[in-house]
Amino acid sequence: MDDPLVIADREYSSRLITGTGGASNLAVLERALVASGTELTTVSIRRVDVEGGTGVLDLLKRLGIDPLPNTAGCRTAAEAVLTARLAREALGTDWVKLEVVADDRTLLPDPVELLEAARTLVADGFTVLPYTNDDPVLALRLEEAGCAAVMPLGSPIGTGLGIRNPHNIELIVARAGVPVVLDAGIGTASDAALAMELGCAAVLLATSVTRAADPEKMAAAMRHAVAGGRLARAAGRVPQRFWAQASSPPR
Amino acid sequence: MNVVVNGEERVLPAGATVADLLTELGLPSAGIAVAVNGEVVGRARHASTVLPDEALVEVLTAVQGG
């Protein structure tokens, strides 16, 4: 595999992790997932029948995509830990996207509860991928707690505001010993490319694809943007200059 | 006896197990998770775990999200 994404004991050829939320139906979701090229996709854990049953696990299995259960909706460490344990039981995976949000208006991570939940789940044998603030200090703390990756937001979930503090993302990348996954806030392809140019190992997005006018087309755009951004990062960009510099030789 | 399953009250015969409840609900044991009074009951223990009276039972599965 050329330039794989390595998280814990797994390797993926795709650096685009997708969510399944927001798709109008499973047929639309399937076309978007295929176009995205993703190999790892989030699902939520909810009461049976609450949302009209689920074919989403069957769909992921058929497409050969690993499910990544999340703890969306949890407000406390205790809730998130229980949800992760239920997810492990239901899906047979010890991987979890750990989300502990502070309130419904911002959906911003609660750093205190998040770190506590991460420590508990790591001790319980989980592979923990925490959704975190774009806080370089908290990212380090989560890594020290044993998380397999850190997943800072670009901007709040579902806003499509892109990466509001690129420098913080660069600071996180510069010190991280685990993969950094830009999670949340991606609005369009250029945001995903920027995340990779800043040095992120992968991008996790859902809304920007599932609620786009043409989800399948946007999924393809994201796939190319992530690949392009990755190449640009590796290629080494030219320094930015204040004054022009001719690219043609003087005669 | 009375139990609460996903927020709805149900009447079950005394001695009913988690497996009995899933059968009554028409649910498979794969792809779901069960918690009784806040504790996960693993699949291997569904048949041997007797529900206590007034148990709060949550039956969950994966849905689109995130």
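Source: prediction; values computed, not measured. Within every chain, numbering begins at 1; the chains are lettered A, B, ... in the order of the sequence lines, protein sequences first and strands thereafter.
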Would you say that [X] contacts [Y] through its side chain, given a criterion of any heavy-atom pair below 4.5 Å between the two side chains?
X: B/Gln64; Y: A/Leu29; result: yes
X: B/Leu60; Y: A/Val48; result: no
X: B/Val63; Y: A/Val43; result: no

What part of B/Val34 is in contact with chain A, defined as an atom under 4.5 angstrom from a non-hydrogen atom: side chain, backbone, both or neither?
backbone
Proximity breakdown for B/Leu27 and chain A, heavy-atom pairs closer than 4.5 Å:
side chain
Flag the one option from A/Ala23, A/Ala206, A/Gly22 with the top tally of heavy-atom pairs under 4.5 Å to chain B.
A/Ala23
Most heavy-atom pairs under 4.5 Å with chain B, out of A/Ala87, A/Gly92, A/Gly19, belong to A/Gly19
Where do A/Leu91 and B/Ala62 come nearest, in terms of heavy atoms and distance?
CD1-CB, 3.9 Å
Working to the nearest 0.5 angstrom, can you tell me the gap between A/Leu86 CG and B/Ile32 CD1?
10.5 Å
Those residues of residues 59-81 of chain A, ordered by number, that approach chain B below 4.5 Å (heavy atom to heavy atom):
A/Asn70
Counting only N and O atoms by type, is there a donor-acceptor contact under 3.5 Å from the side chain of [X] to the main-chain atoms of [Y]?
X: A/Arg47; Y: B/Asn6; value: yes
X: A/Glu89; Y: B/Arg43; value: yes
X: A/Thr20; Y: B/Gly65; value: yes

Considering only heavy atoms, which portion of A/Ala184 lies under 4.5 Å from any heavy atom of chain B: side chain, backbone, both, or neither?
neither
